[in-house]
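Notes follow the structure.
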Number of protein chains: 2
Amino acid sequence: MNETGLHTFSHPSHEKALALFETGCERGAVISLFGRCRVEYDGRAASTLAAGNRLVVCKPDGAILVHTDEGQKPVNWLPPGCTHHAHVESDELRIESQRSTPDEELLIYFERVDHAVAYDATSASELSMTGTEADLRERILDDPSVIEPGFEPRATERETAAGAVDIYGVDADENAVVLELKRRRVGPDAVSQLNRYVAVLDRELHTGTQVRGILVAPSVTYRAQNLLEKRGLEFVSLSPRFES
Amino acid sequence: MNETGLHTFSHPSHEKALALFETGCERGAVISLFGRCRVEYDGRAASTLAAGNRLVVCKPDGAILVHTDEGQKPVNWLPPGCTHHAHVESDELRIESQRSTPDEELLIYFERVDHAVAYDATSASELSMTGTEADLRERILDDPSVIEPGFEPRATERETAAGAVDIYGVDADENAVVLELKRRRVGPDAVSQLNRYVAVLDRELHTGTQVRGILVAPSVTYRAQNLLEKRGLEFVSLSPRFES
DNA sequence: CACTCTATCTCGGCT
DNA sequence: AGCCGAGGTAGAGTG
């Protein structure tokens, strides 16, 4: 232990690893256990993982992750809000985590702990992100001509019977226009969604002229392209603004 | 280093941590770095994370994760298949990971490494799971009467113009029946999907009688319930079998 | 390789 | 608190 809140053991006995786990949890540290263990999960689904060398990370908010040597996703996990209990039994260090709503349980049985770390990590209070769908909306509202000359936004999140439309406006000839925004390449589902908005607004507005529907995204899939044409909808290629 | 493939340093110099990182990567180990760092991401979106105490995990398949003290999800990450480069610059240990399609980049700058671990983890070859949609299908095929007396499955994954139908069969009166299976509570989208199948099969089969559509899931949302009634579709409550 | 679909999705916003 | 929809979705399966 020292000023940075670090506590480690190499090849600890189960008792020493247990002590590190418990004092670390109390302190609010992130616990990392490297060792050979098997894992059982029971809850929304059920799974069993045969023994192997894993990395188990246990966070003070109650989240627990079991990582193997591959994949970005943990092979087993429980979300934040779980309670952990550890004890030594049958020559194993057993970590048992549970939560309710829904009831689920993760059992991690270490036959051997190779290394144990308790570390005081800090939160991510200052993560800032750009390049989202909100950025795409801002980009259009800042300069509506990126859609087409004369386009004029009238409302965002305009409510319809089919849900809220991203941007509602009019074109140079005062025809109603519905924009559906997607921050990345889109498939046929987005086209269907746009089509529902157009159909609903056609009915709700009952102006003589057809409501125009424009899908705004960086690109579309081949099938989405086909569907757009079949439905008489339009497409404008536009990406979210990336601020640095 | 020892027979379990473990290599650790507490409070290493940047050079020592760099050496551990590079030899560990070559060896195919999982590298864990505990220390104070800032993180920048640029790719599908863009983000900056101010300096703080983090856990950085770097896997031999190219995945890299940055964990804070909270959340199940890493605060920053890159998926498997990335290439990592590490070097010391401006009194920082800099880990720079990149990939293409899409182009993205994760920059992790350690001003201080508190602890470093290289560990030979093993894969999850033997994860077995139950309680999936496949289990639900098996449960129905084992005993079709759980749907209704007289129901008789004729095909699974039967192809239609709207995609593959989960289970296709006939009822006691030889009417065509389409089952759409979901392992958990479903919303209106599943009803729409089922409706497309029924509509398409009505046309493809052009039998005199209406094709029946049954949604099979543990439960449905309120709006899905409404939509089912509006479309003349049916619902059977059934959960996947959990084997232990 | 590109595209599509599912998920023990996770996460956040809203009713 | 539960429900619903989006995601830097991830990961698997398929043409």
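Order of the sequence lines sets the chain letters (A, B, ...), proteins ahead of strands, with each chain counted from 1.
Summarising the geometry, the separation between CG on A/Leu227 and P on C/dT4 is reported as 11 Å, rounded to the nearest angstrom. Straight-line distance from the CD atom of A/Gln225 to the P atom of C/dT4: 12 Å, rounded to whole Å. Remark: C1' of D/dA10 and CZ of B/Arg99 are 10 Å apart, rounded to the nearest angstrom. What separates NZ of A/Lys59 from C1' of C/dT10 is a distance of 13 Å, to the nearest Å. Between the C1' atom of D/dA10 and the CG atom of A/Asn76 lies a distance of 16 Å, rounded to the nearest Å. Rounded to an integer number of Å, the gap from CD of A/Glu157 to P of C/dG13 is 13 Å. Rounded to whole Å, atom C1' of D/dA12 lies 15 Å from atom CG of B/Asp61. Atom CD of A/Glu40 is separated from atom C1' of C/dT8 by 15 Å (rounded to the nearest Å).
Listed pair B/Trp77 / D/dT9 fails the phosphate criterion, with no side-chain N or O lying under 4.0 Å from OP1 or OP2. Contact between the side-chain N/O atoms of A/Arg183 and the OP1/OP2 oxygens of D/dT9 is found at a separation under 4.0 Å. In this model, the phosphate group of C/dT4 is approached by a side-chain N or O of A/Thr221 to a distance below 4.0 Å at OP1 or OP2. For the pair B/Arg44 and D/dG7, the criterion of a side-chain N or O lying under 4.0 Å from OP1 or OP2 is not met.
Contact annotation for A/Arg185: backbone-only contact, meaning every heavy-atom pair under 4.0 Å involves sugar-phosphate atoms and none involves a base. Residue-level contact check: B/Leu181 touches neither bases nor backbone, having no heavy atom under 4.0 Å from any strand. Among the heavy atoms of the strands lying under 4.0 Å from B/Pro80 are primed sugar atoms or P, OP1, OP2 only; no base atom is included. Residue A/Tyr41 is in base contact, counting any heavy-atom pair closer than 4.0 Å across all strands shown.
Nearest-nucleotide positions on DNA chain C place A/Tyr222 closer to the 5' end than the other of A/Tyr222 and A/Glu104. Between A/Leu106 and A/Val220, the residue whose closest nucleotide on DNA chain C is further toward the 5' end is A/Val220.
In terms of modelled atom types and a separation under 3.5 Å, the side chain of B/Arg212 and the main chain of B/Val198 share no donor-acceptor contact.
Here the options are B/Val177, B/Ile214, B/Leu228, the test is side chain to side chain contact (heavy atoms under 4.5 Å, CB included), and the partner is B/Glu234; only B/Ile214 passes. With respect to A/Glu111, the salt bridge (Lys or Arg N to Asp or Glu O under 4.0 Å) criterion is satisfied by exactly one of A/Arg54, A/Arg38, A/Arg36: A/Arg36.
Side-chain contact between A/Val117 and A/Ile31: absent, with no pair of heavy atoms (C-beta onward) separated by less than 4.5 Å.
Taking only side-chain atoms of A/Arg223, from C-beta outward, the nucleotide of D/dG8, C/dT10, C/dT4 with the closest atom is C/dT4. When the nucleotides C/dT10, D/dT9, D/dA6 are ranked by their closest atom to the side chain of B/Lys73, C/dT10 comes out on top. The side chain of A/Gln72 lies closest to D/dA10 when the candidates are D/dA10, C/dC9, D/dG8. Among the nucleotides C/dT8, D/dG7, D/dG11, the one closest to the side chain of A/Ser47 is C/dT8. Residue B/Lys182 has its side chain nearest to C/dT6 when only C/dT6, D/dA6, C/dT8 are considered.
Using C1' as the reference atom, D/dG8 and C/dC14 are 24 Å apart when rounded to the nearest Å.
One side chain, A/Glu104 or A/Tyr41, offers a donor N or O that lies under 3.5 Å from an acceptor on the other.
Because its NZ or CZ atom is not both nearer than 6.0 Å to the ring centre of B/Tyr168 and within 45° of the ring axis, B/Arg154 does not count as a cation-pi partner of that residue.
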